[in-house]
Amino acid sequence: MREVDPKVDEAIQTLNMKDGPTRRKLLTGTGLVSATAAASALLAACTSSGSSSAASGSAAGNFPKTPAWQFWFVNHVTSNPFFTPTQYALADAASLVGLPTPKFGGSANSVISEMVNYFNTAKAAKASGIALAQISQTAFTTPVKNAMDAGIPVITYNADGTFVNGKPVIGSNRLAYVGQALFLSGQAMGNQIKSLLPGGGDIVIFIATPGTGNIQPRFDGAKSVLGSSYTLHEIATGAATGPELNAEKAYLLAHKSTTKGAFAVDAGSTSVLGQALGAAGLAGKIPAGGFDTLGTTLSDIKKGTLDFTIFQDPYLQGFLPVLYLYLYNISGGVLHPPNTDTGLTVVTKDNVGPFLTTSRYQGTSSTQKVVTRPSGPIKEPPATTST
């Protein structure tokens with residue numbers, strides 16, 4: 001049997017060629033100056049077509065061709081590496097359905113006025129859909145209503161207003177929320193603290209920006225399950241990583257003799273917690289933990305400096321809003337997006353291994369690749385909740 005040139009085989013598989021004259025000519029080289037060159041040309045044409053189609057809208061899979069719907073993401077900490085996988089995800093999802101990459105902007109330091117301005121810019125540009133990290137229950141009430149009144153669908157992600165006495169106060173008429181159940185995640189942290197410090201004691205919980213809807217509910221959730229035997233100190237660290245480390249070191253050095261546990265409710269504050277504990281001589285000596293998988297958080301768990309972190313999947317927080325807005329638009333508004341909890345996974349030394357793998361889904365690599373799942377049983381506790 002005649003050996004098929006690898007480039008020819010790649011073209012046939014990539015372009016899903018059915019049997020016909022072109023396919024047979026590629027396989028035999030008949031009537032072609034070079035089957036390899038022809039295959040390469042076909043692949044290049046396909047790639048070129050694919051890259052330009054998003055600008056004008058295209059058909060994805062079995063879906064009809066659509067306009068080039070431009071979605072916008074309004075964010076509160078645009079330079080924070082926590083949202084690196086979110087930005088990869090929104091680009092991946094848009095590419096999957098043949099749309100241009102959504103615009104991503106807002107504020108670098110949780111300045112709400114800057115976020116509102118960016119949101120209003122998206123509305124003025126007649127965005128096809130807006131995804132908003134709604135860190136305030138009051139500031140976005142009017143902007144979201146104005147956008148919805150103008151026929152622009154709005155979804156919130158990562159933050160969805162706030163909680164008052166354990167009850168959600170959303171403050172907008174958005175379509176749906178995609179993100180972690182923030183108050184419940186705080187309660188999960190509280191339960192971790194109770195298991196690590198069953199006798200109570202003096203503990204600190206670091207928080208980047210107290211009062212904002214993306215992280216304050218976590219502190220409130222933790223407080224709701226910790227009894228009177230715990231003395232809680234809520235310490236602000238700021239939205240930038242450098243000041244966060246300095247704030248944590250200053251507190252721990254000043255209170256190292258009384259602090260029985262140190263925790264954090266945001267990615268940045270957690271990522272520098274191990275370093276701050278080391279500077280205070282407390283690393284591995286008191287219980288500690290937090291949220292997300294930024295920086296050295298995972299390696300700190302592996303070596304025992306931190307006991308746990310709670311993962312909320314920032315990749316899904318970029319990927320799903322794009323798909324939901326696409327389906328809402330393509331269905332004429334019939335496919336209403338659902339509220340979606342992106343997860344509450346407690347990562348400890350026992351299950352940290354897969355999270356240490358470098359990948360686009362963790363934001364630690366921009367490379368597109370298949371990440372091989374660990375072999376063996378999939379370990380998951382019995383389900384206790386449902387919709």
Review point. Passes salt bridge (charged side-chain N to carboxylate O under 4.0 Å, His left out), K349 versus D307? Steps please.
Key: CA-CA 7 Å; K349 202 169 187 178; D307 294 286; over 6 Å; no

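- Counting only distance, with no hydrogens or angles, the side chain of T342 and the backbone of Q312 share a donor-acceptor pair below 3.5 Å.
- Checking S299 against T296 by side-chain atom types alone, no donor-acceptor pair falls below 3.5 Å.
- Of the possible donor and acceptor atoms, none in the side chain of K260 sits under 3.5 Å from a partner among the backbone N and O of I203.
- For S359 and T357, the side-chain atoms include no donor-acceptor pair closer than 3.5 Å.
- Using a cutoff of 4.0 Å between basic side-chain nitrogens and carboxylate oxygens, R360 and D92 are scored as salt-bridged.
- With ring centers used as reference points, W72 lies under 6.0 Å from Y118.
- At a threshold of 4.0 Å, the pair D266-R218 does not count as salt-bridged, since none of the basic side-chain nitrogens sits closer than that to a carboxylate oxygen.
- Below 30°, between 30° and 60°, or above 60°: for F104 and F83 the angle between ring planes is between 30° and 60°, a tilted geometry.
- Side chain to side chain, T86 and Y157 fail the donor-acceptor criterion of an N or O pair below 3.5 Å.
- Applying the side chain to side chain donor-acceptor pair (under 3.5 Å) test to residues at least two apart or on different chains, the pairs with a partner in residues 244-255 are E244-S269.
- Using modelled atom types, one side-chain atom of N351 and one backbone atom of V346 make a donor-acceptor pair closer than 3.5 Å.
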Review point. Can you check side chain to side chain donor-acceptor pair (under 3.5 Å) on S224 and Q187, steps first, answer last?
Key: CA-CA 7 Å; S224 74; Q187 291 183 318; 3.3 Å; yes

Check your understanding: What's the verdict on side chain to side chain donor-acceptor pair (under 3.5 Å) for Q180 and S185, showing C-alpha distance, side-chain angles and the deciding distance?
Key -> CA-CA 7 Å; Q180 190 174 69; S185 72; 3.1 Å; yes

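- In this structure, F311 has its ring center no closer than 6.0 Å to that of F291.
- For D149, the CG atom sits in a packed shell: over 12 heavy atoms of surrounding residues, nucleotides or ligands are nearer than 6.0 Å.
- Using modelled atom types, one finds no donor on one side chain facing an acceptor on the other under 3.5 Å when comparing N109 with S107.
- The backbone N or O of K369 sits nowhere less than 3.5 Å from a side-chain atom of T367 that would complete a donor-acceptor pair.
- The ring of F263 has its center no closer than 6.0 angstrom to the ring center of F206.
- Taking all atoms of both residues into account, the shortest heavy-atom contact from L306 to G289 is CD2-N, 4.3 Å.
- No close placement of the Y88 and F319 rings is indicated, their centers lying 6.0 Å or farther apart.
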